[in-house]
Each structure stands twice: as C-alpha cells, then as structure tokens.
Amino acid sequence: MKRVQFWKAVSVALLLLCCAVAVQAADYEVVPLPQKIELQKGEPFVLSGDVQILAADGLQQEAEFLQSYLKDVTGLTLAISQKREKKVTYIELAVSPKVAEAEGYVLTVQKKGIVIAGGSAAGVFYGIQTLRKSLSDRALSLPAAQISDCPRFGWRGMHLDCSRHFFSTDFVKKFIDLLALHNMNTFHWHLTDDQGWRIEIKKWPKLIEVGSKRTGTILGTNSDLDDMIPVCGYYTQEEARDIVKYAAERHVTVVPEIDMPGHMLAALASYPELGCTGGPYQVGHYWGVYKDVLCVSNPKVYQFVEDVLTEIMEIFPSEVIHIGGDETPTEKWEQCPKCQALDLGGATLQGYFTQKVFDFLTAHHRRALGWDEILENHAPKDAMIMSWRGTEPGAKAAELGHDVVMAPTTYCYFDYLQSEDARFEPTRCGGFIPVEKVYSLEPAPDSLSAEARQHVIGVQANLWAEYLLTEGLVEYQALPRMSALAEVQWTQPARKDYEAFKQRLTRLSDFFELYHYQYAKHLWPERQLPSRWQF
C-alpha cells in the first residue's frame, strides 16, 4: 500500500514538473540585446512536438540549424516542411524585401505561429539565434511579440592564434559555433608567426616540414628554462577548406592572416634565403618580437609572398586578407646593403613592402587589412586598418578615410587576466580586462567626425595563444567576455545597460553549460570552488 502511494506521489510530482515547464515563458531579452522588442496582445505561442518548421527556398540549412538548436534546448524534434498544409502550426522562415538590412530580421510571435523574416539568409539565421536563446530554461511558451533587429556593425569578429599553440580542427569548429551563438560574422584566423607556420602551402613544402615544428618552448614568461617538448601541427588545405565551409554555413567569414614582413621566423627557418643574413634560423621558442624579418630587397621574397597569397586566396574566398604588418624591427634592414640601396621613392622599407603586397591583392580583387603599424609606414589609401594599440590609431585612420576595425589591447585582448588576483588565474599573460571593461567599449565615439564614424566598420577581440596551452583555456579566456563584446558589436549604445546585461548573461551561461564550454565564473562566485584555501 505504501509503495502504491509512493508511486502516486512521484507521478503527481512529475506531472507538476511538466506543467511548470510547459508554462515557463520565453524571455526575448537575450545576448546580444535586440534593437526593439514589442510585446503584443494575445495568447502566447506554445511550442510542442506537433509544430513544424516551414522553410522557403534557399533556407534549408537555416531550418536544419533551428531544428538542431530546438532539440538541444527543449528536447523536441520538429519536422521540416517546404509546403504549407492546413491545420499545422509552423515556425516559418523566409527572406523578405520588407527587411531593409541584409543581416536584419523581424521575429513575429503569435498564438497561430512564429515567422522569422530576414533581409537575407544571414538575417534569418540571427533571428533563429534570438529565438533559440529566448528558450533557455526549457521555456515552451512564447509571449506574443514582434522583434525588429539588425546589427550596429558589419564586422563582428573574434580572432584566434593557432600559431603559438596548435588547436585541432574540431576545436576550431567549436570556436566558430561560439561566434554563431553570439551573432558574430568574422573569424580572424592567425595562421603564421615566429613560433609556428600552420597552413599547408604546396609550392613551399618546407613551411610545414620545418616551420610547423618547434623543438621546445620557454617556460613561464621568457625565463631561461626551455621545456624541450616538441610542438607541431598544421592544417592541410583540405582541412582549411572544410573549416571555411563550416563557417560559411553559419554565416561566418574566415579571414586568414599571414603576418609579414615581421613575425616570419618560422618561414625563415624553412627557407633561410628569404632573410637578410641567410640564417641559420630556428622556429621561435620564446615570446615577443624577433629581429629577423623578410629581406625586402630580395626578389625571391616577393615570389614567395605571391605564391603563398595565391594559395591562400584559393582556400579562403574572403574579400579581406590580413597581411599583419605589426612589430617589424628595422635593424636587419639597416645592416643589409641591398635593402639600403633600394630606391624607395620616399617610402619606408616596410611601406615599400606593404605597397607591393597591397598591389598584388588588389589585382586579385581582394582587400588588404593590416595592424595599425602600417599606418605609420605610408599605408596605401585603400588599406584597412586593425587598431590594436588602443583606439587612437584607429581614430586617426578613420579620419584619414581608412576603414577601421577596432581591437584595442585595453578592451579586447582576451588573453589578458579576468581577475586582479592573478594567483588563481590559469594564464600567465599580464593585463586585466574584466567583463565590465569590455562592455564599456565605445568603438565609434562622438569625438570622431560623422564621416570618420562611418569608417569604423566593426570590432573584434583577440585571443593570442602564447599562454593558452589547452583548448579549454581558450574557451575560459573567451567566456563570458565574448558575450560582452557581442553587445558592443550588435546593440545600439542607447540600449546597453551593464546591470541588465548581467541578468541576460546569466541566462546565456546556460548555453555554456549545455555545450560544455569552459568559462570564467567571476560574475557567479556561487559557481566557483567552495574555497581555494581548503585544499
């Protein structure tokens, strides 16, 4: 008798739990916050397994993403249909000429169904992201509403350095999934540096035979102790193309970076004749800036650069190719008679080199993007500038008419610490950038002229991997600061509110848990270890 009563009690408890889930209301205040959320009169839309996804032509991929996302969040698997039937409730996906912005969308929720209309397939995709994130806590009831939304900036990026430490293709895809979750559309892939060349170039095979391998790494912050542990890894062209396709399906453009003429030690170790001294060179073991750079007076250097960029352009359809240009010492050039004998026409040696690379890319209908140092070396007028040494170089570039992506160290270097108490931080990198600091960034302030503000095309954060030894550590350094950056990129300043953002972020963190991302928990002390001093 007691056993029967027990199971009756369990059944009642389960029923009440199911009812609680069924009436849990969705919350449209997600990250990034949409530009306009208007709740409407009328009964809510209730999500159930009988609902179908209705996809217009060309939106099958978006329909499959929505199907997968809803299954992850709610446990429901909705059927996908391309033809409307009577007595069926739909979540309808469509591209509409009424949505002015290509990446904009209008999400309409009524009792009879949901419509996500985008200015393009990308707009539909971002509407799907908003719907997905509004259903955290397994909410199945969606209040009647209309959400009208579009991004503030066209370039919404994240950078990942795979040169200093190599990360698997599976992890790169997982990282791209994070971009999609945050409505980001640009993956800046740092593929080459002094400490490793990570992309296959078939005309120059030693780049992976030699340049992708280093025989050890300096311990700590450039101590005198080398761990003598080999580091290797590179992406084949086939793997890179697969990542490009994976990203494109999520409306993310992969922008490759081949850093030049400095940060080329791995290439010099592979082909010593490309340097001013002829070597010998070794793939870098320590962090920082090396004096050995490409010899700008050597014709073979330009053949090398053109061959590399030709294969890069074949792999990456991105209009923009990042050519680096930062931290280039001139000492070797000053000591090189051939470099000193060049007729520069008033340019600097780096400016001379950059112009040649720029002309080659322009001839192939691509745009060159460089770090802000190229501005000091007579950057071509049409060159794009990525401002990393604060926002001031970017402001100057924008006033001069260059398109600018803001990525200042003071707000956007996510390898920096997230806590002032470095004892319990897993990375050795210096600096301190908490979530609130990221959120406070204004990339296009009123101090700029109206014309210059139009040239600030976007914002991104950078993840340099000198001290990011594991894939989990990359995630930890990115999250939740990436979420703060998403609102800087997407949401209009008048809509931003840090205290309200923290509440939205807490709901978004459910997705970090759902997809098993590592993330920093400084905003949620109750989620941290009970007490570090107990161990």
Side-chain angles (χ1 to χ4, degrees), residues 26-37 59 61-62 65-66 68-70 72-73 93 95 99-107 116-136 147-160 173-188 246-255 405-407 412 414 435 438-439 441 443 457-461 478-493 495-496 500-501 504-505 507-512 514-515 517:
D27 190 330
Y28 302 126
E29 294 203 346
V30 299
V31 176
L33 183 65
Q35 311 300 357
K36 182 185 287 188
I37 303 171
L59 295 176
Q61 182 71 68
E62 283 65 39
F65 279 125
L66 177 57
S68 175
Y69 293 150
L70 292 179
D72 291 343
V73 179
L93 309 180
V95 173
V99 181
E101 298 284 344
E103 292 186 300
Y105 66 90
V106 176
L107 170 59
I116 301 175
S120 66
V124 172
F125 185 74
Y126 298 128
I128 288 170
Q129 295 299 333
T130 293
L131 178 63
R132 167 198 192 187
K133 287 177 280 194
S134 71
L135 296 172
S136 63
I147 300 171
S148 303
D149 199 12
C150 64
R152 181 186 180 192
F153 291 106
W155 181 296
R156 304 181 304 281
M158 276 295 300
H159 155 287
L160 181 61
K173 291 178 178 180
K174 188 180 180 187
F175 190 76
I176 289 168
D177 287 336
L178 265 184
L179 271 71
L181 179 67
H182 288 91
N183 293 17
M184 296 183 182
N185 64 358
T186 306
F187 173 45
H188 173 182
Y246 187 89
E249 289 169 349
R250 291 151 181 80
H251 302 281
V252 173
T253 298
V254 182
V255 174
V405 177
M406 291 293 191
C412 296
F414 286 1
V435 173
V438 177
Y439 196 80
L441 173 62
I457 63 170
V459 195
Q460 77 172 40
L479 299 172
R481 292 185 290 195
M482 194 171 173
S483 308
L485 180 71
E487 291 216 348
V488 174
Q489 296 170 333
W490 185 278
T491 307
Q492 293 294 336
R495 294 278 288 159
K496 289 173 60 186
F501 164 74
R504 297 193 294 275
L505 178 57
R507 292 194 298 276
L508 182 64
S509 69
D510 292 342
F511 287 88
F512 306 159
L514 176 64
Y515 294 109
Y517 285 103

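Everything numeric here is computed off the predicted structure, so don't read it as measured data.
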- From L181 CG over to I176 CD1, what is the distance, rounded to the nearest 0.5 angstrom? 14.0 Å

- Could you give the distance from CH2 (W155) to CE (M406), rounded to the nearest 0.5 Å? 14.0 Å

- Message: Can you tell me how the ring of W490 sits relative to the ring of Y105, calling it parallel under 30°, perpendicular over 60° and tilted otherwise?
- Response: tilted

- Task: Say whether, by atom type as modelled, one donor and one acceptor occur between the side chain of T491 and the main chain of L33 under 3.5 angstrom.
- Result: yes

- Message: Tell me every residue that passes side chain to side chain contact (heavy atoms under 4.5 Å, CB included) with S120, counting only those two or more places apart in sequence or in another chain.
- Response: A102, A122

- Message: Working note: L179 + M482, criterion side chain to side chain contact (heavy atoms under 4.5 Å, CB included); need CA distance, chi angles, decisive distance, verdict.
- Response: CA-CA 9 Å; L179 271 71; M482 194 171 173; 3.6 Å; yes

- Query: Within a radius of less than 6.0 Å around CD of E101, do more than 12 heavy atoms belonging to other residues, nucleotides or ligands occur?
  - Reply: no

- Start with the C-alpha distance between V95 and E62, add both sets of side-chain angles, then the distance that settles side chain to side chain contact (heavy atoms under 4.5 Å, CB included), and finish with yes or no. CA-CA 11 Å; V95 173; E62 283 65 39; over 6 Å; no

- Tightest non-hydrogen contact, residues S134 and V30, listed as N-CG1, 3.6 Å

- Backbone N/O of F414 and side chain of R481: donor-acceptor pair under 3.5 Å: yes

- Message: Tell me if a side-chain donor or acceptor on Q489 pairs with a main-chain N or O of V459 at a distance below 3.5 Å.
- Response: yes

- Item | Any P151 side-chain heavy atom under 4.5 Å of N183 side chain | no

- Query: Under 3.5 Å, is there a donor-acceptor pair between the H251 and Q61 side chains?
  - Reply: no

- Check the pair H182 / L479 against side chain to side chain contact (heavy atoms under 4.5 Å, CB included), numbers first and verdict last. CA-CA 11 Å; H182 288 91; L479 299 172; 4.0 Å; yes

- Heavy atoms of other groups near K173 NZ, more than 12 under 6.0 Å: yes

- Should the pair R156 and Y126 be classed as cation-pi, given the thresholds of under 6.0 Å to the six-membered ring centre and 45° from the axis? yes

- Task: Taking the side chain as every heavy atom from C-beta outward, state whether K133 and V31 have any pair of such atoms under 4.5 Å apart.
- Result: no

- Query: Does S68 use its side chain to pair, donor to acceptor, with the backbone of F65 at less than 3.5 Å?
  - Reply: no

- Item | Sub-4.5 Å side-chain heavy-atom contact between L135 and L70 | yes

- Charged tip of K174 within 45° of Y517 ring normal and under 6.0 Å: yes

- Atom pair OH/CD1 of Y28 and I147 - distance to nearest 0.5 Å: 6.0 Å

- Where L508 and S483 come nearest, the two heavy atoms and their spacing: CD2-OG, 3.4 Å

- Heavy-atom closest pair, residues C412 and A407: CB-C, 4.0 Å

- Message: Just verifying a value: how many Å separate I37 CD1 and D149 CG, rounded to the nearest 0.5 Å?
- Response: 8.0 Å

- Closest approach of L131 and L66, non-hydrogen atoms and distance? CD2-CD1, 4.0 Å

- Query: Nearest 0.5 Å, what's the CG-OH distance between D72 and Y69?
  - Reply: 9.0 Å

- Task: Using atom types as modelled and distance alone, determine if a side-chain donor or acceptor of R495 lies under 3.5 Å from a backbone N or O of Q35.
- Result: yes

- Note: P32 and A486 closest approach over all heavy atoms is CB-O, 3.7 Å

- Item | D177 and Y246: CA distance, side-chain angles, deciding distance, side chain to side chain contact (heavy atoms under 4.5 Å, CB included) verdict | CA-CA 9 Å; D177 287 336; Y246 187 89; 2.9 Å; yes

- Message: Could you tell me if K496 sits above the aromatic ring of Y439, with its cationic atom closer than 6.0 Å to the ring centre and no more than 45 degrees from the axis?
- Response: yes

- Message: Measuring only between side-chain heavy atoms, which start at C-beta, is T253 closer than 4.5 Å to N185?
- Response: no

- Item | Nearest non-hydrogen partners of M158 and Q460, listed with the distance | N-CB, 4.2 Å

